[in-house]
Every structure is written in structure tokens, then in C-alpha cells.
Amino acid sequence: TSIKPAGYKMVDSPYQLRFDGTNDYAVARIALAFGTGDFSMGGWFNADTIGAYEGLINNRDSSGDKLGCQIRFDDDADALEAFLDCGSTTFSIKTAFSDTGNWHHVIVTADRDGNMILYLDGLSVGSADISGQSSVSVTNADPIVLAKNEASAYFDGYLNEITKCL
């Protein structure tokens, strides 16, 4: 997937993006059709600061029923969170997080007839049973957005090697 960056600085690598936490973010040129299938998404991040609801990787719809998944910091800015919105039901997995200035790898996997699992630096840090929503499509028309949630909370730091699998 190609990325159309909006206000970024390249650092150390041609694939590493720097976001200022004020108004920088990147948008993929295509939307993901997660549908009712299994999926995963994740990548490397290095936070300069941590703020409430700042999105790292976001596929959540920006209007309407807000279907989709995102990896973000939580409302108190003291935990990393995987958040799945199935319309009438939402799922959240949180793990305490306050480390700035260091690289971390985060992945969320969703087995639609089983569990959603959040991994941080290779370790499973939490899971949620999402099997009750296996028939609900989480496809929306919005593209993947990096460094921003579905509203206007911007990530301050670096992202690298963002991946998704359907």
C-alpha cells in the first residue's frame, strides 16, 4: 500500500516517518475491507510524548457507526490500547505504557471467531473474546490513517514498517 504523507520528516531510514503531534498524519490511498475475516495490523513506534487517544494506526470510520480497528493510547494516556468497533459492540485491550524515546513493536490480531490479541515487543499483553461479533462486518469506506485517531488526536513520534494482513 502506498502512503501519501502529510507533513512529515524522514529520519535515518527512507521508510521511517516523523510526526509532530500537532497536525501531521499519513493516509493510505485505499480503504481496507476487513469484512468478517481475520486480520492483523501493527508496526514499530517510538513516542516522543504520549497524549490521550493519540492514534498510531487507525482504520476506524470517522463518522457514522465508527466501524473499524485502531491502535492508540487510551483516554488517560497511560496505556497502549487496541480498540475494535463492531457498531453496537466495542472491544478494548489495554496495557500500561509510559516509555518515550525508545522503539517498540505493536501488533493486534483478530481471529473473528475467537480472540483479538494485543502484542507489545513480541509478548501477548492482553486479549478479548470477539467471537460473538464474528458475523458483523467491520468494513468502512475510510483508509488506514497513521499518527491520528478518527477525530483529531495526533501522535508525537516516529512510525516505521507498518503492516496489515487480511
Side-chain angles (χ1 to χ4, degrees), residues 1 3-13 15-32 34 39-86 90-110 116-128 130 138 140-164:
T1 304
I3 295 176
K4 181 182 179 186
Y8 70 95
K9 297 176 188 171
M10 298 303 233
V11 180
D12 298 333
S13 161
Y15 305 106
Q16 183 172 310
L17 299 174
R18 166 73 176 99
F19 301 93
D20 68 7
T22 303
N23 59 3
D24 295 349
Y25 63 99
V27 178
R29 294 179 189 226
I30 60 169
L32 289 181
F34 287 150
F39 65 89
S40 64
M41 63 184 193
W44 289 91
F45 73 97
N46 182 339
D48 287 336
T49 62
I50 298 172
Y53 294 119
E54 289 179 353
L56 299 176
I57 306 166
N58 179 31
N59 170 249
R60 196 164 174 222
D61 194 359
S62 59
S63 62
D65 49 14
K66 298 193 181 257
L67 296 172
C69 186
Q70 62 184 308
I71 300 172
R72 67 185 187 187
F73 294 109
D74 77 341
D75 55 339
D76 293 324
D78 62 358
L80 189 63
E81 178 180 28
F83 189 86
L84 177 64
D85 194 329
C86 297
T90 61
F91 300 92
S92 173
I93 304 168
K94 296 181 182 183
T95 185
F97 189 87
S98 61
D99 187 30
T100 58
N102 295 299
W103 283 100
H104 296 279
H105 191 251
V106 63
I107 295 279
V108 61
T109 63
M116 179 172 75
I117 303 171
L118 177 62
Y119 296 90
L120 181 61
D121 297 329
L123 300 174
S124 171
V125 293
S127 66
I130 60 173
V138 291
N140 64 56
D142 286 9
I144 287 261
V145 176
L146 304 179
K148 180 180 177 286
N149 71 355
E150 79 284 359
S152 58
Y154 298 91
F155 172 66
D156 179 19
Y158 301 87
L159 294 176
N160 199 356
E161 297 182 18
I162 304 302
T163 60
K164 52 84 182 151

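- With contacts defined as side-chain heavy-atom distances shorter than 4.5 Å, the pair Ile144/Asn58 does not qualify.
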Would you check, one step at a time, whether the test side chain to side chain contact (heavy atoms under 4.5 Å, CB included) holds for Phe34 with Asn59? CA-CA 9 Å; Phe34 287 150; Asn59 170 249; 3.0 Å; yes

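- The CG atom of Leu159 lies 9.0 Å from the CD atom of Gln16; values are rounded to the nearest 0.5 Å.
- Taking OG1 of Thr90 as the start and CD1 of Ile130 as the end, the distance is 12.5 Å to the nearest 0.5 Å.
- Residue Ala47 comes nearest to Phe73 through the heavy atom pair CB-CZ, 4.3 Å, listed as atom of the first residue, atom of the second, then distance.
- At least one side-chain heavy atom of Leu56 sits under 4.5 Å from a side-chain heavy atom of Leu80.
- To the nearest 0.5 angstrom, Glu150 atom CD is 11.5 Å from Leu67 atom CG.
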Give the intermediate values and the outcome of side chain to side chain contact (heavy atoms under 4.5 Å, CB included) for residues Val106 and Tyr119. CA-CA 6 Å; Val106 63; Tyr119 296 90; over 6 Å; no

Intermediate values then yes/no, side chain to side chain contact (heavy atoms under 4.5 Å, CB included), Leu146 and Ile57: CA-CA 5 Å; Leu146 304 179; Ile57 306 166; 4.2 Å; yes

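- In this structure, Trp103 and Trp44 have perpendicular ring planes: the angle between them is above 60°, well past the 30° mark.
- Contact of the Ile93 side chain with the Met116 side chain is registered, since non-hydrogen atoms from C-beta on lie closer than 4.5 Å.
- Cation-pi contact between Arg18 and Tyr158: present, with separation from the ring centre below 6.0 Å and deviation from the ring axis of at most 45°.
- Ring-centre distance between Phe45 and Phe97: below the 6.0 Å cut-off.
- We find that Asp24 and Lys148 are not joined by a salt bridge, their nearest charged nitrogen and carboxylate oxygen being 4.0 Å or further apart.
- Ala77 approaches Gly51 most closely through the heavy-atom pair CB-C, 3.5 Å.
- Judged by the 6.0 Å distance and 45° axis criteria, Arg72 is positioned over the aromatic ring of Phe83.
- Listed here is the closest heavy atom pair of Leu118 and Ala82: CD1-CB, 4.0 Å.
- Side chain of Asp121 to main chain of His105: a donor-acceptor pair is present (N/O by atom type, distance under 3.5 Å, no hydrogens or angles).
- The CG atom of Asp74 sits 9.5 Å away from atom CD1 of Ile50, with the distance rounded to the nearest 0.5 Å.
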One pair to check against side chain to side chain contact (heavy atoms under 4.5 Å, CB included): Thr163 and Met41. What are the steps and the verdict? CA-CA 5 Å; Thr163 60; Met41 63 184 193; over 6 Å; no

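- Arg60 places no side-chain N or O within 3.5 Å of a backbone atom of Cys69 that could act as its donor or acceptor partner.
- With respect to Lys94 and Asp75, a salt bridge is recorded, a charged nitrogen being found less than 4.0 Å from a carboxylate O.
- Under a 3.5 Å cut-off, the side chain of Asn149 and the backbone N or O of Ser152 do form a donor-acceptor pair.
- Within the 4.5 Å cutoff, the side chain of Tyr25 has heavy atoms near those of the Tyr154 side chain.
- At least one donor-acceptor pair under 3.5 Å links the side chain of Asn46 to the backbone N or O of Asn102.
- Judged by distance alone, with hydrogens and angles left aside, the side-chain atoms of Asp48 form no donor-acceptor pair with the main-chain N or O of Asp156 at under 3.5 Å.
- Across every non-hydrogen atom of Cys86 and Phe91, the tightest pair is SG-CE1, 4.0 Å.
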